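Comments concern the structure below.
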Amino acid sequence: MPARRLDPDFFTQPTIELARALLGQRLVRRLDGRRLAGIIVETEAYIGEDDLACHAAAGRTARTEVMYGPPGHAYVYFVYGMHHCLNVVSEPPGYPAAVLIRALAPSEGIPAMARRRGLDAKLGAEIPGLTPLRLARATSEPGPIFRALLSGPGRLCQALAIDRTLSGASLCDRELFLEAGTAPRAIEVTTRIGVDYAGPWREKRWRFVVADSPWVSGARRRAAPAPSRRARGLTT
DNA sequence: GGATCGATCGGCT
DNA sequence: GCCGATCGATCCG
């Protein structure tokens with residue numbers, strides 16, 4: 001069955017609800033008539049001029065202008081002199097807010113995305129032949145190279161060819177859009193990454209992650225300390 | 001496994 | 001002039 005495209009109405013929900021609702025949806029980039037796509041597994045909310053972690057804390061400028069515009073558009077910015085990050089603009093015009101897309105689970109155009117990331121040789125070594133069948137199988141237990149493909153805001157923009165020229169573009173248009181996916185079974189909520197400078201706002205638990213997904217960013221590998229055979233009897 | 005560091009440049013003070 | 005909503009390489013234990 002064909003995927004349902006998300007329409008502009010979807011983006012009118014409050015930012016935190018939108019950040020949660022985006023998990024499980026498919027982000028599609030159309031490039032040279034080809035589809036590059038991934039399932040959103042990690043998001044962060046940035047809300048208003050008061051939020052010191054939000055770029056709008058600096059006020060309305062040429063860069064942040066699109067965040068003050070209508071919801072459902074892309075806000076793409078350039079950081080650290082080399083990386084781009086993709087946000088989904090939220091809230092009605094005049095109120096600056098957005099949801100940062102931090103990680104995707106790969107779904108379509110994997111070899112092309114690996115090429116854009118400079119990982120095609122390494123991924124080919126990790127998954128011999130890169131055949132669709134092997135790729136599908138590798139998706140349940142991805143190796144380190146496969147995991148590095150789209151897990152991080154800069155990484156996914158490089159893989160999907162997203163840069164500032166797409167800032168302000170509608171997310172219901174042809175080059176970049178969303179398709180309806182499946183809501184995650186459980187969502188993990190944490191503080192946002194890389195905003196330690198934001199004073200009290202650094203404590204906001206505005207990061208949303210698909211629970212137990214191997215595709216999330218950072219070294220959040222869980223050293224899951226199963227209630228061990230030993231611990232059980234040791235402490236009374 | 002984790003900590004640290006350099007790259008590199010646009011945006012804002 | 002300063003400093004990032006990051007990444008990947010490298011060093012250490």
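As a basis for the values below, the full set of heavy atoms in this structure was taken, side chains included, without hydrogen atoms, waters or symmetry mates. Residue numbers start from 1 in every chain, and the chains themselves are labelled A, B, ... in the order their sequence lines are given, proteins ahead of strands. Remember, predicted model here, so these are calculated numbers, not experimental data.
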Would you tabulate the pairs of protein nitrogen or oxygen atoms and nucleotide nitrogen or oxygen atoms of nucleotides 10-13 of chain B closer than 3.5 angstrom?
| residue | atom | partner | partner atom | Å |
| --- | --- | --- | --- | --- |
| B/dC12 | OP1 | A/T61 | OG1 | 2.5 |
| B/dC12 | OP2 | A/T61 | OG1 | 3.4 |

Does one side chain, of [X] or [Y], offer a donor that lies under 3.5 Å from an acceptor on the other?
X	Y	answer
A/S107	A/R26	yes
A/S151	A/R155	yes
A/E91	A/T15	yes
A/Y68	A/E49	yes
A/Q158	A/R116	no
A/T191	A/R205	no

Roughly, in whole Å, what's the span from [atom1] in [X] to [atom2] in [N]?
X	N	atom1	atom2	result
A/E44	C/dT6	CD	C1'	12 Å
A/H84	B/dT8	NE2	C1'	12 Å
A/N87	C/dT6	CG	P	11 Å
A/D196	B/dT4	CG	P	13 Å
A/L100	C/dG4	CG	P	16 Å

Review point. Is the NZ or CZ atom of A/R164 both under 6.0 Å from the centre of the six-membered ring of A/F78 and within 45° of that ring's axis?
Key: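 Satisfied, under 6.0 Å and within 45°.
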
Review point. Taking the six-membered ring for Trp, does A/Y77 stack with C/dA5 (centroid gap under 5.5 Å, planes within less than 30°)?
Key: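 Per 5.5 Å and 30° rule: no stacking.
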
Point to revise | Side-chain touch A/F10/A/Q25, heavy atoms, less than 4.5 angstrom | key: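 Side chain of A/F10 against side chain of A/Q25, heavy atoms only: contact under 4.5 Å found.
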
Practice item. Taking the side chain as every heavy atom from C-beta outward, state whether A/L149 and A/I145 have any atom pair closer than 4.5 Å. Key: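 When only atoms from C-beta onward are counted, A/I145 and A/L149 do not touch, as no gap falls below 4.5 Å.
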
Revision key, fill the gap. Parsed dot-bracket for DNA chain B after applying the Watson-Crick and G-U rules with both distances under 3.5 Å and | for other-strand partners is |||||||.||||.

Review item, nucleotides 7-11 of chain C N/O atoms under 3.5 Å of protein N/O:
| residue | atom | partner | partner atom | Å |
| --- | --- | --- | --- | --- |
| C/dC7 | OP1 | A/P153 | N | 3.3 |
| C/dC7 | OP1 | A/G154 | N | 2.9 |
| C/dC7 | OP1 | A/R155 | N | 3.1 |
| C/dC7 | O4' | A/H83 | NE2 | 3.1 |
| C/dG8 | OP1 | A/R117 | NH1 | 2.9 |
| C/dG8 | OP1 | A/R117 | NH2 | 3.0 |
| C/dG8 | OP2 | A/R155 | NE | 2.7 |
| C/dG8 | OP2 | A/R155 | NH2 | 2.6 |

**Study point:** Name of the residue among A/R29, A/R35, A/R34 meeting salt bridge (charged side-chain N to carboxylate O under 4.0 Å, His left out) with A/E108
**Key:**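 That would be A/R35.
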
Review point. Would A/Y46 and A/H55 count as a close aromatic pair, with their ring centres under 6.0 Å?
Key: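 Judged by ring-centre distance (under 6.0 Å), A/Y46 and A/H55 do not meet the cut-off.
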
